[in-house]
Amino acid sequence: MVLERTRGEQDRRITETVEREQARLRNFIRRRVADRSDAEDILQEVFYEFVESYRLLKPIEQAGAWLFRVARNRIIDLFRKKKTGSLSDQAAVDDDGEALVLEDLLPSPSAGPEAVYARNILLEELDDAIDELPEEQRQVFIAHEIEGRSFKQLASETGLSVNTLLSRKHYAVLYLRRRLQAIHEEFMKE
């Protein structure tokens with residue numbers, strides 16, 4: 001009887017959290033993931049992990065913050081799978097002249113705790129900077145740089161000209177460069 005009451009209380013808390021956070025979390029994910037199917041998959045994964053963690057470990061104190069952190073990690077995982085493009089008009093290149101992708105520009109997670117910390121800070125700063133972009137610039141930037149979609153494909157999907165899309169991405173890149181310059185310089189000193 002006590003077990004049933006505890007399980008019922010857990011279910012009630014889980015349901016309340018899902019109902020309270022679902023719309024905000026879906027919007028958070030959709031702003032970062034253009035493909036609706038991928039966004040819904042991430043949302044479901046996050047809620048699945050929430051239920052599992054809540055039941056297996058212990059109740060999560062700050063459920064909202066926990067959900068958004070897990071969502072951000074799932075989005076990063078999705079981008080790693082797709083792993084396309086660089087973050088500049090002039091692609092960064094390594095010593096052999098090979099183009100570097102975002103993953104190559106970040107500290108490796110296997111390089112120890114300091115590298116993981118620096119990587120997380122850089123990803124958070126990049127995420128925040130992308131959020132600050134005007135909506136139309138953000139959509140083009142994410143679609144081209146992160147999802148790897150071509151301008152031609154975007155033009156046919158949106159009805160906008162390739163030149164308009166190029167211009168929007170150009171302004172997004174200029175803003176991101178300015179916005180991230182200080183943190184880049186800070187990490188390069190170390």
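Quick note: numbers below take in every heavy atom, side chains included, and nothing from hydrogens, waters or symmetry partners.
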Nearest heavy atoms of A39 and V33, plus distance in Å: N-CG1, 3.8 Å
Closest non-hydrogen contact found for A155 with L160 is CB-O, 3.2 Å
Once rounded to the nearest 0.5 Å, what's the spacing between atom CZ of R168 and atom CD of E135? 10.0 Å
So, R74 side chain and I42 main chain: donor-acceptor pair closer than 3.5 Å or not? no
Provide the closest heavy-atom pair for A129 versus R179 in the form atom of the first, atom of the second, distance. CB-CG, 3.5 Å
Regarding S167 and T164, do their side chains bring together a donor and an acceptor under 3.5 Å, going by distance alone? no
Parallel, tilted or perpendicular: which describes the rings of F68 and F28, with under 30° parallel and over 60° perpendicular? perpendicular
Once you round to the nearest 0.5 Å, how far does OG of S53 lie from OH of Y48? 10.0 Å
Is it true that R12 and E16 make a salt bridge, defined as a side-chain N closer than 4.0 Å to a carboxylate O? yes
Quick check for you: to the nearest 0.5 Å, what is the distance between R36 atom CZ and D41 atom CG? 13.5 Å
Between L154 and V162, is there a shared hydrophobic cluster once you connect ILVMFWY residues whose side-chain heavy atoms come closer than 4.5 Å? yes
For I29, is there any backbone N or O sitting under 3.5 Å from a side-chain donor or acceptor partner on R26? no
Same apolar cluster (I L V M F W Y, side chains within < 4.5 Å links), L166/V140: yes
Closest contact, heavy atoms only, F47 versus Q22: CZ-CA, 3.8 Å
Are F151 and V173 joined in one hydrophobic group, where the rule is that I, L, V, M, F, W and Y side chains link up if heavy atoms are under 4.5 Å apart? no
Answer with yes or no whether the hydrophobic clustering places F50 together with I75; edges join I, L, V, M, F, W, Y residues whose side-chain heavy atoms lie under 4.5 Å apart. yes
Between atom OH of Y175 and atom CD of Q137, what is the distance when rounded to the nearest 0.5 Å? 10.0 Å
Nearest 0.5 Å, please: how far is CG in L165 from CD in E157? 10.0 Å
For the atom pair CZ (R31) and CD1 (I142), what is the distance rounded to the nearest 0.5 Å? 9.5 Å
pair L133-Q139: side-chain heavy atoms closer than 4.5 Å: no
More than 12 heavy atoms of other groups within 6.0 Å of Y171 OH: no
On a heavy-atom basis, which atom in L25 and which in L67 lie closest, and how many Å separate them? CD1-O, 3.9 Å
Regarding D131 and R138, does a basic nitrogen lie under 4.0 Å from an acidic carboxylate oxygen? no
Please find the pair of heavy atoms, one from A71 and one from V46, that lie closest to each other, and give the distance. CA-CG2, 3.6 Å
